[in-house]
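So you know, we letter chains A, B, ... as the sequences are listed, proteins then strands, and number each from 1.
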There are 2 protein chains.
Amino acid sequence: MTKDYRQFCGLARAAGVLGERWALLVVRDLTLGPRRFKDLGEGLPGVPTSVLTARLRELEQMGIVERRAAQQPGGGVVYTLTPYGAELTPILDRLGRWGAQRMSVPAPDEIITSSSLAAALRAAYRPGAITAATFSIHVGPASAWAAVDGSEVTVDVGLPESTPALIIHGGPQFRLLLAGRLSAAEAITSGAVEIEGPHAVLEDFVRAFHVPLDDVIGTP
Amino acid sequence: MTKDYRQFCGLARAAGVLGERWALLVVRDLTLGPRRFKDLGEGLPGVPTSVLTARLRELEQMGIVERRAAQQPGGGVVYTLTPYGAELTPILDRLGRWGAQRMSVPAPDEIITSSSLAAALRAAYRPGAITAATFSIHVGPASAWAAVDGSEVTVDVGLPESTPALIIHGGPQFRLLLAGRLSAAEAITSGAVEIEGPHAVLEDFVRAFHVPLDDVIGTP
DNA sequence: CGGAATCCAAAACGATACTG
DNA sequence: CAGTATCGTTTTGGATTCCG
């Protein structure tokens with residue numbers, strides 16, 4: 001449990017916990033807010049309950065995750081990030097952007113989860129482009145929303161509470177829109193995305209949310 | 001080889017490569033500069049050559065590491081980070097600082113490698129405290145140096161080329177100096193560190209290199 | 001719902017030895 | 001120096017089932 005490198009090194013510690021299978025994705029999902037065991041399991045297709053339990057215990061023991069009784073609907077248990085764990089958020093955002101640089105279009109067997117979409121939106125946010133707006137995004141089976149207010153952005157899975165300025169339905173090409181490889185206009189005319197709302201708001205969206213994409217040279 | 005989460009997610013990609021055993025530490029060592037196979041192996045006590053090879057191949061395949069023929073002494077092979085891989089440096093620095101927050105004093109079985117020391121110094125650097133100086137640091141069997149010049153810092157293992165303004169020999173308590181739990185004066189009088197050079201330069205050092213340390217509450 | 005318990009299979013790690 | 005090859009052992013991941 002929890003890899004041990006026997007090195008007195010902050011990075012080795014981090015690698016020890018977060019390098020375990022599924023650990024980083026569990027934390028990613030928890031950066032969006034408190035989650036139940038079941039939510040985590042469903043949001044991470046392929047995790048056996050036994051592994052999820054193990055990861056949560058380890059993260060708990062390292063002070064990253066906290067296990068609490070849920071007050072509201074139905075009681076039960078929720079997992080949250082501790083303040084220490086929450087400090088990972090900006091780091092994971094950067095790491096996620098780094099990894100996304102080489103991701104153009106989903107492979108046939110790759111899925112998009114709502115949590116990954118929400119986290120990607122948060123990581124993609126560039127303050128200053130727009131002042132305020134709420135977006136509702138659907139990509140394949142995944143749904144998330146992002147609410148911009150000044151330099152802040154709030155994201156989560158599912159649907160926004162307030163009515164969004166724009167609803168976007170995107171397909172596999174959605175990534176290219178975030179990369180600027182497709183302009184807002186192109187994305188619409190090509191059918192890469194369909195929107196409910198004004199075209200101009202989609203222009204706002206692409207200005208506010210951006211993740212560059214490398215020209216990847218084939219490996220000769 | 002290379003964990004697969006089947007998710008179209010930058011973080012999942014990153015976790016796939018960097019989550020493999022030893023991978024993050026290999027990258028850490030390479031952020032310091034080109035390294036030979038043997039250097040990496042010796043700097044990572046416990047890695048079998050077979051595993052090291054596997055990790056290097058994976059990192060190479062992901063475009064993070066490049067394998068080149070060494071020009072200079074003796075020929076052979078060196079591994080370097082690609083530009084893409086080098087982009088990880090600031091991220092790993094942040095992750096390392098995050099992990100170090102809960103590390104006060106090395107456990108009896110924890111070692112300090114020269115690479116981890118050098119990387120820790122880089123991560124600990126706060127621009128603005130001093131204008132220029134070179135430090136030579138020894139902690140246990142590990143040796144590294146850091147050269148400050150304006151807002152830039154350069155670090156590596158071993159000894160600096162130019163004569164340092166200060167040589168520091170630290171013991172297990174060295175971490176507390178970086179955390180500010182020990183003042184420069186206290187560190188010297190308590191014997192936590194021994195220095196060759198002016199006391200005042202050690203004051204400079206602690207101002208320029210700092211990694212906070214959490215008050216960790218026992219787990220009740 | 002929130003897990004604990006079992007069990008099997010497959011990696012993958014670590015050690016060691018050996019080669020170009 | 002820079003690995004490859006082999007191999008036994010240990011993990012641990014994944015699937016399934018069951019329980020409070």
Which is more 5' along DNA chain D, the nucleotide nearest B:F37 or the one nearest A:P48? Just name the residue. B:F37
Taking OP1 and OP2 of C:dC1, is either one under 4.0 Å from a side-chain nitrogen or oxygen of A:K38? yes
When A:L59 is tested against each of A:T82, A:V65, A:L30 for side chain to side chain contact (heavy atoms under 4.5 Å, CB included), which residue passes? A:V65
What's the CZ-P distance between A:R36 and C:dG3, to the nearest Å? 10 Å
Considering just the side-chain nitrogens and oxygens of A:R21, establish if one lies under 4.0 Å of OP1 or OP2 belonging to C:dA12. no
Take atom CD of A:E42 and atom C1' of C:dC1, then tell me their distance rounded to the nearest Å. 11 Å
Nucleotide D:dT11, atom C1' - distance to CD of A:E58 in whole Å: 12 Å
Should the pair B:R21 and A:Y5 be classed as cation-pi, given the thresholds of under 6.0 Å to the six-membered ring centre and 45° from the axis? yes
To the nearest Å, give me how far apart CD (B:E20) and C1' (D:dT12) are. 13 Å
Closest nucleotide among C:dG2, C:dG14, D:dT4 to the B:R57 side chain: D:dT4
Nearest whole angstrom, please: distance from the P of C:dC13 to the CG of B:L25. 13 Å
Closest nucleotide among D:dA2, D:dG13, C:dG3 to the A:V77 side chain: C:dG3
How many whole angstroms separate atom CG of B:L52 from atom C1' of D:dT4? 13 Å
Short side-chain to backbone donor-acceptor contact, B:R175 and B:M103, under 3.5 Å: yes
Determine the contact category for B:T53: base if any of its heavy atoms lies under 4.0 Å from a base atom, sugar-phosphate if only primed atoms, P, OP1 or OP2 are that close, otherwise nothing. base
Report the relative orientation of the aromatic rings in B:Y84 and A:W98; use parallel for angles under 30°, tilted for 30 to 60°, perpendicular for over 60°. parallel
Nearest whole angstrom, please: distance from the P of C:dG2 to the CZ of A:R35. 13 Å
D:dG3 phosphate, OP1 or OP2, under 4.0 Å from B:R67 side-chain N/O: yes
Nearest to the side chain of B:W22, which nucleotide is it out of D:dG13, C:dG14, D:dT4? C:dG14
Which listed nucleotide (C:dC13, C:dG2, D:dA2) is nearest to the side chain of B:V51? C:dC13
Taking only N and O in the side chain of A:Y79, is any of them less than 4.0 Å away from OP1 or OP2 of C:dC1? no
For A:E194, is there any backbone N or O sitting under 3.5 Å from a side-chain donor or acceptor partner on A:H169? no
Should the side chain of B:S50 and the base of D:dT6 be counted as holding a donor-acceptor pair, with the cut-off at 3.5 Å? no
How many Å lie between NZ on B:K3 and C1' on D:dG13, as a whole number? 11 Å
